[in-house]
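See below for the structure under consideration.
Bear in mind the structure is a predicted one, so any value in this text is a computation, not a measurement. Note that ligands are numbered from 1 as they come in the structure, with each ligand's atoms numbered from 1 the same way.
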Amino acid sequence: MISRNPNIANLKAGYLFPEISRRRREFAAAHPSDIRIISLGVGNTTEPILPHICTGLAEGARRLGTVEGYSGYQDEGLLELREKISEVFYGKKFGADEVFISDGAKCDIGRLQMLFGPGTKAAVQDPSYPVYVDGSVLIGAAGAWEGAGYRGVVYLPCTAENGYFPDLSPVPANSLIYFCSPNNPTGAVSSREQLSELVKTTLKKGCVIVFDAAYSEFIRDPSLPKSIFEIDGAEQCAIEVQSFSKPAGFTGVRLGWSIVPKALKYADGESVNADWARLSGTIFNGASNIAQAGALAALDPEGLKEIRRLTDFYLRNARSIKDALQELGVSSIGGDNSPYIWARFPGRDSWDVFAEILEKCRIVTTPGAGFGPSGQSFIRFSAFGCRADIEEACERLKILKFR
Ligand code: PLP
């Protein structure tokens, strides 16, 4: 019989969110006639796509039914959209051939690892979005699981003590650094000085940063960078992955992009951009043309106003959750420039706190330990939810006693 890919066998049992769903199902089955469970757990969007952007999607579909408007494969994406992304997000700093349209940031994060292969170590913020580590496992770069982490992954603790920005000295030379700001799960946003330090270290150590900016549109503080390419030198050492999922409600539509600068080179001087074009052309046939029509609408002035409205809505939810936690005496970060609130329960196991909140309030959260060893004793609250659910959840939280 054919053998199983040992890298799949090496994945630690249970991806975090299926495990949460399993526990939620078990709880619901044990309490059949109970009040409704509210989820503040996952990062899935809940609000409808706003009208202008939705019209862009509908119009994109309608055009496909006409002779003049029909289009087929678009490979790296519609030229007009690639140019628009460069203009709106990067001040035209990048050519269209440095902007690659994708079916979402997560998909690109998974595919990008192929550029570097199993011999390249990964350094990740700890805690971090699971695909960085799991993707490294799948490509065979993570090594064996040992205690609380993989041998081939360097975990960079982001804690209250270091202001959720890691000490970069353990980053191995010539490694891939995954960095997410605004961060999922902590909600922390790195400052210009911190990202400058990251770029400086990356250049010095011959590394590449995969910078995940999926939540940049939630940033309200104008002093905080929305892109790694606001930092000098980043074009020589960074790839940025981005997404329409959270700002435009495209979690189900599926559209994102990656910036792979031409200035980014491997040790032998070969072009990472050229390889990415080659690799994408081989295993990815481009994002949906309908989704791209929606994205074009999202980036015109009316669409950008809708992005602002939608992200403001979720940030208001975040404010309510933060206030409710503060009333309980629970300290938290995030929620101001990001849709996640990272709440601290000193001395507690985060799965125990998860169980307590589910048991007493019928609210699903995400245990911080699921995002990495430094997530222990934290709970992530997500602000993605309809207003009525958030208000109800905040009321229910009042019965908890953590002081
Ligand atoms: N990056 C981060 C940090 C995320 O939290 C998520 C989704 O939750 C994604 C990427 C996935 O984005 P997409 O829907 O574009 O695949």
Query raised in the report: When Tyr178 is tested against each of Tyr129, Phe211, Tyr132 for ring-ring contact (aromatic ring centres under 6.0 Å, His included), which residue passes?
Result: Tyr132
**Report entry** Shortest non-hydrogen contact between Ala214 and Ser243, atoms and distance
**Finding:** CB-CB, 4.2 Å
Report summary line: So the salt bridge (Lys or Arg N to Asp or Glu O under 4.0 Å) pairs with at least one residue in residues 295-306 (sequence neighbours excluded) are Glu302-Lys305
Query raised in the report: Going by atom types alone, do Ser223 and Asp221 pair a side-chain donor with an acceptor below 3.5 Å?
Result: yes
Requested in this report: Without swapping roles, check the side chain of Asn162 against the backbone of Thr159 for a donor-acceptor pair under 3.5 Å.
Outcome: yes
Query raised in the report: Does Gln292 reach the main-chain N or O of Leu78 with its side chain, forming a donor-acceptor pair under 3.5 Å?
Result: yes
Note down each nitrogen or oxygen pair, ligand 1 side and protein side, whose separation is under 3.5 Å; give only atom names and the distance to 0.1 Å.
residue	atom	partner	partner atom	Å
ligand 1	1 (N)	Asp212	OD1	3.3
ligand 1	1 (N)	Asp212	OD2	2.6
ligand 1	5 (O)	Asn184	ND2	2.7
ligand 1	5 (O)	Tyr215	OH	2.6
ligand 1	8 (O)	Tyr215	OH	3.3
ligand 1	8 (O)	Lys246	NZ	2.8
ligand 1	14 (O)	Ser245	OG	2.6
ligand 1	14 (O)	Arg254	NH1	2.8
ligand 1	15 (O)	Ala105	N	2.7
ligand 1	15 (O)	Ser243	OG	2.6
ligand 1	15 (O)	Ser245	OG	3.4
ligand 1	16 (O)	Ala105	N	3.2
ligand 1	16 (O)	Lys106	N	2.9
ligand 1	16 (O)	Arg254	NH2	2.8

